[in-house]
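Numbers restart at 1 for each chain; the letters A, B, ... are given by sequence-line order, proteins then strands.
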Amino acid sequence: MAILADIQQKARDSLAAAAAAALPDVPLPGVGVQRPREEAHGDLASNLAMAMAASARRPPRQVAEAIVAQLPAAAEAAGLPLHRAEVAGPGFINLFLRPGWLLPVLAEVTAAQGAYARSEAGGGRRVLVEFVSANPTGPLNVVNCRAAAFGDALVRCLNAAGWRAESEYYVNDAGGQFRRLGESLRARAIELRGGELALPEGGYPGEYLIPLAEAFLAAHPVDAPVQAYARFAVERILAQQKESLARFGVVFDHFTHESAIRADGGPERVVAALAAAGHTFERDGAVWLRSTAFGDNDDRVLVKRDGEFTYRVPDIAYHAGKLGRGYDVLIDVLGQDHHGDVASVRAGLAGLGLPVERLEVLLNQLVRLVRGGETVRMSKRGGNFISMDEFLDEVGTDAARFFFLMRTIDTHMDFDIDLATRQASENPVYYVQYAHARICSLLRQAAEAGLVAPPPAALAPDALRHPAEAALMLAMAELPEEVRAAAESRAPHRMTTYARVLAERFHNFYVQCRVIGEAAPVAASRLLLADAARATLAETLGLLGVSAPERM
RNA sequence: GCGCCCGUAGCUCAGCGGACAGAGCAAGUGCCUUCUAAGCACUCGGUCGGUGGUUCAAGUCCACCCGGGCGCACCA
């Protein structure tokens, strides 16, 4: 068990036992133990006394004093290395632990061999995270890039926290937009053959279709059916999207095609089942889902007057299929412009009697690029927008990932290209990577000097007592819990915050505590600490999908 | 009009119901003959949009209001 979780459990046990001894007649509430922000408030703090004050009919501080009086014996019994306890503020019980209580973290990091962040908090629950799922009608853009950074890091965090997470990309390769893509490509082909460019209504004017049209004509006649054009375009564009993603370090476990869902008859079964359950009605020649019965604002059309399904029928079939694949949780990361679709998909699933509560929807908010203090216009009209590839050419994978993951997914963000590309200390991604490179350099030089890190078990109990050393170990001790929280709350951005704190603690240690040249036991124990910090930092960056360079 | 998201330092953003609200940037000041100065130390900067409510305790939860973004198709 991770050292911090272990200590916190022992603290809860101690407090509970002390409270039971001090106030045997008062029912015991859940014991809260937290890490206080202020160092002066001890290593751990509990609100137990304040929670018990009301039922004890005594002031919180009095309750706290009574508990504290019983605490030494209780701590002894629970194996908590308690130094002293004090009552503070409105009735907090602050616990100060014996110096050295953090030393076991070094053994843990060393023994974990790169899997120190790992916990079993997720209990092996299966979760499918769907993200990006951009329409295969053009190159990926900056918002897709944000979704990719988020979804991929979330999957990594979930897996580290003991979930069984997989990634999925839904390919919208059917329906009206698919047809218009084919028509657009055919229009480009006709143009290449000297004809007028006649793009369809709602078609795709982007110039990226021109080389695709050339490629198409190399193998097909210009009068090929629209379906062939569309199929060809989707395959090529999807391949390009996969390339962009691979370059970004994102490889999906699953691709599901809408065309496959249609070919399998999913939409027909959805409509039939919803009708059989009495959740549909006919109006104006269309078949409607009575989605207002499931909390939607309006009823929605399932089958149009012309007999075609609306996009939401395959959507419902797709989500029903995902549930049928046995996941405990489905996470959809959607562009916020699609949030209006969520209610009808939920309604459809509920109408089918499926466990709709397993579906969690996260909305990916917009990204505004800022360069030189000015907003970079990203108009999708006319087909000119900044593609993910162009963006990565300029910013680079590491900075892009780190910057996207510094923000929560549900906040609109300004992406400062100048800051992200600056190779200097004010750039947070370099700040963190630099810490890693600095440690590696230190380790290299230590090796040259013949300095060897001792096995953790060989550390003296009074080793690493410097405040900077303790602060660094404490940060390291927090990693497993931080990853658990990031996974649980679907908030991988917590890991960038954590990475910055960890890097800061190392830089601090580095400046204050020399390694090479110190007396043998000090140098050796610091070398061990530095190496463990390196491993922790590397693992953290790994969860973010950011590289951990050995030299900079 | 309805729905979703967001209003925290000059700017961009963190902040799990807890004790004096944080970081980076920007502005200013120190520190390199010693393991990477892509670093460290310090100064400046806030009625957490507003009003009520719940709570021993609210930036955090609830309601309403104001401001900004986005969406409200028999398009996807």
So which nucleotide from rC74(B), rC13(B), rC2(B) ends up closest to the side chain of T411(A)? rC13(B)
Nearest 0.5 Å, what's the CD-CD distance between E65(A) and E86(A)? 10.0 Å
I need the [atom1]-[atom2] distance between [X] and [N], as an integer number of Å.
X       : N       : atom1 : atom2 : answer
N94(A)  : rA19(B) : CG    : C1'   : 9 Å
R500(A) : rG24(B) : CZ    : P     : 7 Å
N364(A) : rC4(B)  : CG    : C1'   : 14 Å
F309(A) : rA76(B) : CZ    : P     : 12 Å
R300(A) : rC74(B) : CZ    : C1'   : 12 Å
Y510(A) : rC35(B) : OH    : C1'   : 4 Å
N508(A) : rA37(B) : CG    : P     : 14 Å
E518(A) : rU34(B) : CD    : P     : 16 Å

Within less than 4.0 Å of OP1 or OP2 of rC16(B), is there a side-chain N or O belonging to R494(A)? no
Check the phosphate of rC40(B) against Y431(A), side-chain N and O only, distance under 4.0 Å to OP1 or OP2. Yes or no? yes
Has the side chain of H338(A) got a donor or acceptor atom sitting under 3.5 Å from an opposite partner on the base of rG71(B)? no
Base of rA76(B), side chain of Y311(A) - is there a donor-acceptor contact under 3.5 Å? yes
Please give the distance between the C1' atoms of rC5(B) and rA21(B) as a whole number of Å. 23 Å
Lys/Arg N to Asp/Glu carboxylate O, K322(A) vs E130(A), below 4.0 Å: yes
Less than 3.5 Å apart, any donor N or O on the side chain of T408(A) or D410(A) sitting next to an acceptor on the other? yes
With a distance cut-off below 6.0 Å to the six-membered ring centre and an angular limit of 45° from the axis, does R305(A) pair with W288(A) as a cation-pi contact? no
